[in-house]
A.B. asks: 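Handing you this structure, nothing more for now.
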Amino acid sequence: MDFELVMQELEALGKERSKKTYISNGAHEPLFGVATGAMKPIAKKIKKNQPLAEQLYATGNYDAMYFAGVIADPKAMTEEDFDRWIDAAYFYMLSDYVVAVTLAESDLAQAVADKWIASGEELRMSAGWSCYCWLLGNRKDEEFSASKLANMLDQVENTIHDSPERTKSAMNNFIYTVAISFVPLHEKAVETAKAVGPVELKRDKKKSSILNASENIQKEIDRGKRLGFKRKYVRC
């Protein structure tokens, strides 16, 4: 399938209801409003195709950019490619659920995520922390430095309440993910969550929400969720 045909198929799958939902979360025109599940049949036909992914991502169309992440070949992407993608990720559904997810399947993941976390830029930081969440939920514990992750938990504890809003959300999720998916630091993550306490997330034109990693961790434990949980794939 070529670029024009993919864009035609995505447009045909667009729904006004989905479009409104995406816009309410920060997306803007151009977009079609395609449910992510509806993209799967097209993805199965294409599989991985990095040149096509680059064409789609460059459109600035939210649905095309999301689909680019689905068919991208992360191992073919360079650090410069990921930087270009994060530059164009204008809201969190792109930074955290397209760019961070794609980066998590790359051998460059931790190095690039570390750089983004240190950038001081809201969506870069958010994508960096989110990338670690995707990594921890998929890769074996042995692939990580426990001391490095412990230091990152300390960083979250010390800075989360003063961080930008989307970065707060990703940091909160990082505490939760370490607690559930990285057994060596389960106890430290639980203690970090307690120390951090509730985190207020302010949202434009919407009521603030309260994040509480400690409560979410306890809910998972009470439900009998196995510590050390790993998903088979990062991208569906």
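One is the number of the first residue; the rest follow in order along the sequence.
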A.B. asks: Arg203 side chain to Lys207 main-chain N or O, any donor-acceptor pair under 3.5 Å?
C.D. replies: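 Side chain of Arg203 to backbone of Lys207: a pair is present.
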
A.B. asks: Is it true that Glu200 and Lys168 make a salt bridge, defined as a side-chain N closer than 4.0 Å to a carboxylate O?
C.D. replies: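 No, this pair does not count.
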
A.B. asks: Are Leu13 and Leu5 connected in a single hydrophobic cluster, I mean Ile/Leu/Val/Met/Phe/Trp/Tyr linked by side-chain heavy atoms less than 4.5 Å apart?
C.D. replies: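 Cluster IDs for Leu5 and Leu13 match.
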
A.B. asks: With the side chain counted from C-beta on, respond yes when Leu153 and Lys188 share a heavy-atom pair under 4.5 Å apart, and no when they do not.
C.D. replies: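 When only atoms from C-beta onward are counted, Lys188 and Leu153 do touch, with a gap below 4.5 Å.
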
A.B. asks: In terms of hydrophobic clusters joined by side-chain contacts under 4.5 Å, are Ile117 and Ile86 together?
C.D. replies: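 No; tracing contacts between hydrophobic side chains, which count when under 4.5 Å, never links both residues.
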
A.B. asks: Locate the shortest heavy-atom distance separating Ala53 from Ala68; write the atom from each residue and the value.
C.D. replies: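 The pair with the smallest heavy-atom distance is O-CB, 3.3 Å.
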
A.B. asks: Show the numbers, then the answer: is there a side-chain contact (heavy atoms from CB on, under 4.5 Å) between Val234 and Arg139?
C.D. replies: CA-CA 9 Å; Val234 178; Arg139 299 195 186 185; over 6 Å; no

A.B. asks: Applying side chain to side chain donor-acceptor pair (under 3.5 Å), name anything that partners Asp96, two or more places apart in sequence or on another chain.
C.D. replies: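 Ser126, Ser130.
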
A.B. asks: Ignoring hydrogens and angles, tell me if any N or O in the side chain of Asp154 forms a donor-acceptor pair with the backbone of Asn151 under 3.5 Å.
C.D. replies: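 Such a contact is absent between Asp154 side chain and Asn151 backbone.
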
A.B. asks: Applying side-chain contact (heavy atoms from CB on, under 4.5 Å), name anything that partners Ser169, two or more places apart in sequence or on another chain.
C.D. replies: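 In terms of side-chain contact (heavy atoms from CB on, under 4.5 Å), with neighbours along the sequence ignored, Ser169 is linked to Arg166, Leu201, Leu211.
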
A.B. asks: Roughly how far apart are Thr167 OG1 and Glu122 CD, rounded to 0.5 Å?
C.D. replies: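 The distance works out to 5.0 Å.
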
A.B. asks: Determine the minimum heavy-atom distance between Ala72 and Lys48, stating which atoms define it.
C.D. replies: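 Of all heavy-atom pairs spanning Ala72 and Lys48, the closest is O-CG, 3.8 Å.
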
A.B. asks: For Glu143, check side chain to side chain donor-acceptor pair (under 3.5 Å) against everything at least two apart and list the hits.
C.D. replies: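 In terms of side chain to side chain donor-acceptor pair (under 3.5 Å), with neighbours along the sequence ignored, Glu143 is linked to no residue.
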
A.B. asks: How long is the straight-line distance from CD of Glu9 back to CZ of Phe67, given to the nearest 0.5 Å?
C.D. replies: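 Answer for the CZ-CD pair, Phe67 versus Glu9, is 8.5 Å.
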
A.B. asks: Testing the basics here: between Lys148 and Asp114, what is the closest heavy-atom pair and its distance to 0.1 Å?
C.D. replies: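 So the two residues come closest at NZ-OD2, 2.7 Å.
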
A.B. asks: In Å, rounded to the nearest 0.5 Å, how long is the span from OG1 of Thr192 to CD1 of Ile217?
C.D. replies: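 Those atoms lie 8.5 Å apart.
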
A.B. asks: Take atom NZ of Lys140 as the centre, draw a 6.0 Å sphere, and report whether it contains more than 12 heavy atoms from other residues, nucleotides or ligands.
C.D. replies: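 At most 12 heavy atoms, drawn from other residues, nucleotides or ligands, come within 6.0 Å of this atom.
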
A.B. asks: Got a sec, which residues hit side-chain contact (heavy atoms from CB on, under 4.5 Å) with Pro30, two or more places apart in sequence or on another chain?
C.D. replies: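 Applying side-chain contact (heavy atoms from CB on, under 4.5 Å) to Pro30 gives Asn61.
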
A.B. asks: Does the Asp73 side chain pair with the main chain of Gln50, one donor and one acceptor, at a distance under 3.5 Å?
C.D. replies: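 Not at all, since once roles are kept as given, no pair shorter than 3.5 Å links the two residues.
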
A.B. asks: Give every residue pair that meets the ring pair (Phe, Tyr, Trp, His ring centres under 6.0 Å) criterion with at least one member in residues 113-171, sequence neighbours excluded.
C.D. replies: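 Counting only pairs at least two positions apart or across chains, the ring pair (Phe, Tyr, Trp, His ring centres under 6.0 Å) contacts touching residues 113-171 are Trp129-Phe174.
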
A.B. asks: Mind checking side-chain contact (heavy atoms from CB on, under 4.5 Å) for Glu16 and listing every partner two or more places apart, or none if nothing turns up?
C.D. replies: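 Glu16 satisfies side-chain contact (heavy atoms from CB on, under 4.5 Å) with Lys19, Lys20 only.
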
A.B. asks: Run the salt bridge (Lys or Arg N to Asp or Glu O under 4.0 Å) test on Asp81 and Arg84 for me, step by step, so that the C-alpha distance in whole Å, both residues' side-chain angles and the decisive distance to 0.1 Å come before the verdict.
C.D. replies: CA-CA 5 Å; Asp81 293 329; Arg84 182 162 39 78; 2.6 Å; yes

A.B. asks: Mark yes when over 12 heavy atoms from residues, nucleotides or ligands other than Arg17 sit less than 6.0 Å from its CZ; otherwise mark no.
C.D. replies: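 For Arg17, atom CZ is not crowded (no more than 12 foreign heavy atoms under 6.0 Å).
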
A.B. asks: Does any non-hydrogen side-chain atom of Cys131 lie less than 4.5 Å from one of Leu135?
C.D. replies: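 Yes, side chains in contact.
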
A.B. asks: What distance separates Met39 CE from Ile71 CD1, expressed to the nearest 0.5 Å?
C.D. replies: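 Result: 10.5 Å between the selected atoms.
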
A.B. asks: Which residues pass the side chain to side chain donor-acceptor pair (under 3.5 Å) test with Gln218, sequence neighbours left out?
C.D. replies: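 Per chain and number, Gln218 pairs via side chain to side chain donor-acceptor pair (under 3.5 Å) with Asp222.
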
A.B. asks: Supply the atom-to-atom distance Glu29 CD to Ile23 CD1, rounded to the nearest 0.5 angstrom.
C.D. replies: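 Rounded to the nearest 0.5 Å, the CD-CD1 separation comes to 5.5 Å.
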
A.B. asks: Is there side-chain contact between Met65 and Leu94, with heavy atoms separated by less than 4.5 Å?
C.D. replies: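 Met65 vs Leu94: side chains touch.
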
A.B. asks: Under the 3.5 angstrom rule, does the side chain of Asp63 hit a backbone N or O of Val34 as a donor-acceptor pair?
C.D. replies: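 Yes: the side chain of Asp63 pairs with the backbone of Val34.
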
A.B. asks: Quick one, Thr159 with Met171, criterion side-chain contact (heavy atoms from CB on, under 4.5 Å). Give me CA distance, side-chain angles, the key distance, then yes/no.
C.D. replies: CA-CA 9 Å; Thr159 64; Met171 285 175 146; 3.2 Å; yes

A.B. asks: With a 4.5 Å cut-off on side-chain heavy atoms, are Met7 and Leu56 touching?
C.D. replies: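 The answer is yes, as the side chains (C-beta and beyond) meet within the 4.5 Å cut-off.
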
A.B. asks: Can you name the nearest heavy-atom pair linking Leu10 to Ala64, along with the distance?
C.D. replies: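 In this case the closest contact between Leu10 and Ala64 is CD1-CA, 3.9 Å.
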
A.B. asks: Who pairs with Ser214 by side-chain contact (heavy atoms from CB on, under 4.5 Å), at least two apart in sequence or on another chain?
C.D. replies: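 In terms of side-chain contact (heavy atoms from CB on, under 4.5 Å), with neighbours along the sequence ignored, Ser214 is linked to Ala193, Lys194, Asn212.
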
A.B. asks: Partners of Glu105 by salt bridge (Lys or Arg N to Asp or Glu O under 4.0 Å), sequence neighbours excluded?
C.D. replies: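 Listed in chain order: Arg235.
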
A.B. asks: Under the criterion side-chain contact (heavy atoms from CB on, under 4.5 Å), I'd like the reasoning laid out for Ile160 against Asn172: C-alpha separation, chi angles, the key distance, then a yes or no.
C.D. replies: CA-CA 8 Å; Ile160 187 169; Asn172 187 77; 4.3 Å; yes

A.B. asks: What pairs meet the ring pair (Phe, Tyr, Trp, His ring centres under 6.0 Å) rule with one or both residues in residues 24-64, with sequence neighbours excluded?
C.D. replies: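 Pairs touching residues 24-64 that pass the test: Tyr22-Tyr62, His28-Tyr90, Tyr57-Trp85, Tyr62-Phe91.
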
A.B. asks: Using side chain to side chain donor-acceptor pair (under 3.5 Å) as the criterion, list what pairs up with Tyr92, not counting sequence neighbours.
C.D. replies: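 Listed in chain order: Asn25.
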
A.B. asks: Applying side-chain contact (heavy atoms from CB on, under 4.5 Å) to Ile42 and Met1, what does each step give before you reach the verdict?
C.D. replies: CA-CA 9 Å; Ile42 315 174; Met1 295 179 73; 3.7 Å; yes

A.B. asks: Any chance you could measure Leu52, atom CG, to Phe3, atom CZ, to the nearest 0.5 Å?
C.D. replies: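 CZ of Phe3 is found 8.0 Å from CG of Leu52.
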
A.B. asks: State yes or no: do Leu123 and Met125 share one hydrophobic cluster built from I, L, V, M, F, W and Y residues joined by side-chain heavy-atom distances below 4.5 Å, directly or via other members?
C.D. replies: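 Leu123 and Met125: separate clusters.
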
A.B. asks: Mark yes or no for whether Lys44, through its side chain, and Pro41, through its backbone, hold a donor-acceptor pair below 3.5 Å.
C.D. replies: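 Between the backbone of Pro41 and the side chain of Lys44 there is no qualifying donor-acceptor contact (under 3.5 Å).
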
A.B. asks: Does a donor on one side chain and an acceptor on the other come within less than 3.5 Å for Glu4 and Gln8?
C.D. replies: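 No, because no side-chain N or O of Glu4 sits under 3.5 Å from a partner of the opposite role on Gln8.
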
A.B. asks: Using distance only, find each side-chain donor-acceptor pair of residues 175-185 under 3.5 Å and give its atom names and separation, not counting sequence neighbours.
C.D. replies:
unit_1 : atom_1 : unit_2 : atom_2 : d
Tyr176 : OH     : Glu220 : OE2    : 3.4
Thr177 : OG1    : Asn173 : O      : 2.7
Ser181 : OG     : Phe229 : O      : 2.9

A.B. asks: Give me the atom names and distance for the closest heavy-atom approach of Ser18 to Gly33.
C.D. replies: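 Answer, listing the atom of Ser18 first, then Gly33: CB-O, 3.2 Å.
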
